[in-house]
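Structure, as structure tokens:
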Amino acid sequence: MRERTDRPTRPGRAGATDRHEPAGPDIAEPVLAIEDLTVTIGTRRGPARAVAGVDWSVRAGQTLALVGESGSGKSLTVLAATGLAPRTARVTGRVRLLGEELTALPEPRRRRLRGRHVGFVFQDPMTSLNPVLTVGRQVTEACEEHLGMTRRQARERAVELLDLVGIPSPRQRVDAYPHQFSGGMRQRVVIAMALSCEPDLLIADEPTTALDVTTQAQIVELIADLRRRLGTAVVWITHDLGVVAGVADTVAVMYGGRIVEQGPVDAVFDAPSHPYTRALLAARPGPGVRDGDLPAIQGSPPSPLDLPAGCAFWPRCPVRGDARCEHELPPLVPVAPGHRVRTFYPLSEDA
Amino acid sequence: MTADPAAPAADPGETVADPGEIVAELDNLRVWFPAPGGAAVRAVDGVSLGIRRGETLGLVGESGSGKSTTGLALLRLVDATCGSVRVGGRDVTWWSRRQLRGLRRRVAMVFQDPQASLDPRRTIGASVAEPLVVHRLVDSADARRRRVAELLEMVGLRADLADRHPHELSGGQRQRVGIARALAGEPDLIVLDEPIASLDLSVQAQIMNLLRGLQRDLGLTYLFIAHDLAAVEHMSDRVAVMYLGRIVETGTPEQLYGQPAHPYTAALLSAIPVADPKVERHRRRIILSGDIPSPVDPPSGCRFRTRCPQARPDCAEVDPVLVEVAAGQWAACRYAGEAVRAMRAGTVGEETVH
Ligand SMILES: Nc1ncnc2c1ncn2[C@@H]1O[C@H](COP(=O)(O)OP(=O)(O)OP(=O)(O)O)[C@@H](O)[C@H]1O
Ligand SMILES: Nc1ncnc2c1ncn2[C@@H]1O[C@H](COP(=O)(O)OP(=O)(O)O)[C@@H](O)[C@H]1O
Ligand code: SF4
Ligand SMILES: [Mg+2]
Ligand SMILES: [Mg+2]
């Protein structure tokens with residue numbers, strides 16, 4: 001990518017960071033860290049506690065996967081962390097972006113930091129694209145503002161970015177409109193847009209959910225490759241455990257607005273210790289259950305308007321513990337280094 | 001969790017069922033929609049398919065490949081441009097509107113979005129009762145109530161939900177209502193168009209179990225359309241893979257997932273993410289470049305050739321037909337088997353992203 005002068009030099013960005021290499025001391029500072037984040041939304045039917053007590057951080061060149069079912073609070077967590085929560089939301093907790101405490105900053109400064117350092121990719125590319133502007137204009141719109149480029153420079157940069165995200169013949173396509181692109185190509189354009197300011201953090205909220213599995217594979221490879229080459233930190237939201245296994249270094253599993261299990265990807269998949277994580281992995285169809293019923297989880301996820309007093313998973317939990325599960329919120333307890341679960345009854349590997 | 005689909009097949013062939021009675025059959029079906037400028041969208045473009053009593057036939061393929069249109073054609077909810085649709089041994093391709101009422105009792109459909117397929121103003125009971133009334137299957141209000149209660153219980157819902165409205169139900173419950181409605185006419189065939197795609201993750205397995213249980217108990221026949229290839233593998237006795245209006249490969253799940261013969265099947269399978277980080281880290285993906293071409297103007301010869309990592313010059317000239325590559329496994333590729341072996345052995349991989 002282009003040389004740039006206004007970027008504070010940060011070690012750990014240059015070159016590829018191997019997925020599983022332990023982080024060196026110089027990249028110890030996370031790109032984004034959130035602590036005790038809670039989001040309550042005022043609704044007609046009362047306050048909805050959509051996110052509660054969420055802690056996590058992500059480092060340069062690493063991918064954190066936020067996984068959970070629809071409504072579990074994944075999107076609100078990242079929106080609130082970056083100051084984009086809806087007006088009706090009350091957000092508490094601490095958020096540090098590149099070491100700066102975001103929650104303490106006035107909105108204009110926060111917006112500038114976000115625009116400059118964070119790129120977003122959402123599920124539906126058309127929510128990020130303007131149908132009446134050429135893709136070339138849109139790809140560089142943000143960085144023209146932030147980096148003070150001329151129109152000509154911006155156009156060159158747009159071609160470069162479209163090429164980077166694998167759009168064939170970018171010089172011919174730069175003047176096309178979004179409707180002339182397929183769903184997968186539009187998502188590539190949105191990724192190019194998100195990368196235009198060379199962000200330190202890429203937030204990808206279900207970026208492949210609307211795509212075919214073949215296109216999903218292309219986008220997964222693309223983001224993984226960009227992360228390796230540019231050292232970007234990635235927060236990847238998905239409900240697909242297969243995608244998590246393919247992209248994540250660390251995983252946070254959400255249920256009813258809270259993290260119920262969190263840790264390195266191998267630990268969470270090899271030794272899922274929360275009854276929800278374990279049940280979810282077991283309920284996936286696979287060769288082992290070809291002829292029988294799947295071990296399904298009964299019931300459906302809770303509404304944030306009507307959360308159980310204790311563990312949110314209690315009403316559906318196959319372990320079901322005791323009155324404590326029903327009435328007391330279990331703490332997040334470590335079961336292995338870096339691996340924590342929110343349950344009174346962590347399952348051991350051979351359970 | 002699925003094993004690496006690139007692993008060799010365990011033991012193909014053995015599960016090939018007795019041909020059995022054909023419940024529904026498509027013969028060289030084409031469904032073309034008018035497109036601007038006098039062209040045609042060839043949504044379905046020469047599909048032949050038989051569905052046997054008591055089986056689940058899985059239908060997979062990328063978005064726009066013609067799966068839903070194929071399903072709709074079985075209910076005659078779209079008209080054939082040419083070819084034929086046979087249900088219960090009778091050619092229904094040109095049946096009149098009046099005759100079709102009978103057909104829609106024999107073939108029912110369950111849609112992806114249970115929210116959209118139920119009328120929000122009607123009670124659950126009224127929605128489930130509708131087919132009973134239309135097909136005159138009950139002769140009194142009392143019999144209707146009893147039958148609705150029975151249908152709701154069959155899909156695992158309490159009978160008192162009959163008085164509720166769709167918005168009072170969860171997504172999984174609404175999909176159960178959609179299934180109850182489809183069962184009302186005691187159909188020979190149910191077309192399930194992405195029935196779990198919009199459900200919560202922890203609810204999908206419940207619905208798959210329900211569908212399989214009903215099939216066991218009632219001897220139902222399903223056409224199961226889905227994007228989720230692991231779900232299709234779990235649910236199906238046979239699988240058909242569609243690409244751009246055609247079926248490119250059919251066989252048992254063991255055959256297709258173990259030893260695909262068509263390059264498209266192999267690529268589709270290799271794109272499925274596996275919920276095991278160790279497998280994901282070491283597998284080699286066959287990544288297709290580009291997108292499915294427009295069905296208005298499909299490529300000459302083999303339709304897959306513009307994205308096929310193994311395309312040869314003559315693939316542009318000859319339109320391959322389905323040939324039997326193993327007992328009950330058919331593939332439409334001139335280089336069936338050989339091409340997949342070359343893809344898997346070869347260098348095709350990450351570099352094809354661009
Ligand atoms: N009523 C219609 N008029 C015009 N074109 C149509 C119509 N219905 C479908 N098509 C086109 O026909 C092709 C096949 O559509 P179909 O809905 O059958 O695909 P599908 O395989 O079910 O896709 P998906 O996975 O997205 O549901 C597509 O190109 C679609 O745009
Ligand atoms: N703007 C909003 N107004 C009211 N409720 C909201 C709003 N956004 C999200 N919610 C609610 O907050 C909960 C968490 O939402 P979200 O973070 O979007 O979940 P996820 O991304 O995990 O699907 C859900 O119950 C959702 O309905
Ligand atoms: S016929 Fe040729 S282009 Fe088509 S799938 Fe086979 S090898 Fe590929
Ligand atoms: Mg979301
Ligand atoms: Mg469809």
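Values in this document were obtained by computation on a predicted structure and should not be read as measured data. Below, read A as the first sequence line, B as the second, and so on, with proteins coming before strands; counting in each chain starts at 1.
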Which bit of [X] is near chain A, if near means a heavy-atom gap under 4.5 Å: side chain, backbone, both or neither?
| X | result |
| --- | --- |
| B:Ser202 | both |
| B:Asn209 | both |
| B:Ile292 | neither |

> Heavy-atom count around A:Arg171 CZ within 6.0 Å, excluding the residue itself: above 12?
Replying inline: no
> Does the side-chain contact (heavy atoms from CB on, under 4.5 Å) test come out yes or no for B:Lys278 and A:Asp270, once each step is laid out?
Replying inline: CA-CA 10 Å; B:Lys278 294 198 185 64; A:Asp270 287 349; 2.6 Å; yes
Gap separating the [atom1] atom of [X] from the [atom2] atom of [Y], nearest 0.5 angstrom:
| X | Y | atom1 | atom2 | result |
| --- | --- | --- | --- | --- |
| B:Leu288 | A:Asp212 | CG | CG | 10.5 Å |
| B:Arg307 | A:Thr214 | CZ | OG1 | 5.0 Å |
| A:Gln218 | B:Asp291 | CD | CG | 6.5 Å |
| A:His239 | B:Gln204 | NE2 | CD | 7.0 Å |
| A:Leu294 | B:Met208 | CG | CE | 5.5 Å |

> Any donor-acceptor pair under 3.5 Å linking the side chain of B:Glu280 with the backbone of A:Ala245?
Replying inline: no
> Looking only at heavy atoms, which two atoms of B:Gln206 and A:Gly299 are closest? And how far apart?
Replying inline: NE2-O, 2.8 Å
> Minimum heavy-atom separation for B:His234 to A:Gly292, with atom names?
Replying inline: CE1-O, 3.7 Å
>> Less than 4.5 Å to any heavy atom of chain B: does that hold for the side chain of A:Leu280, its backbone, both, or neither?
In response: side chain
> If you measure from the Lys or Arg side-chain nitrogens to the Asp or Glu carboxylate oxygens, is any gap between B:Arg212 and A:Asp293 under 4.0 Å?
Replying inline: no
> Should B:Arg281 and A:Asp266 count as an ion pair when the cut-off is N to O under 4.0 Å?
Replying inline: yes
> Under the criterion side chain to side chain contact (heavy atoms under 4.5 Å, CB included), which of A:Asp240, A:Leu241, A:Val244 is the partner of B:Pro273?
Replying inline: A:Asp240
> Counting heavy-atom pairs under 4.5 Å to chain A, which of B:Asp200, B:Leu199, B:Val203 comes out on top?
Replying inline: B:Asp200
> Counting heavy-atom pairs under 4.5 Å to chain A, which of B:Gly61, B:Ser170, B:Gly171, B:Ala271 comes out on top?
Replying inline: B:Ala271
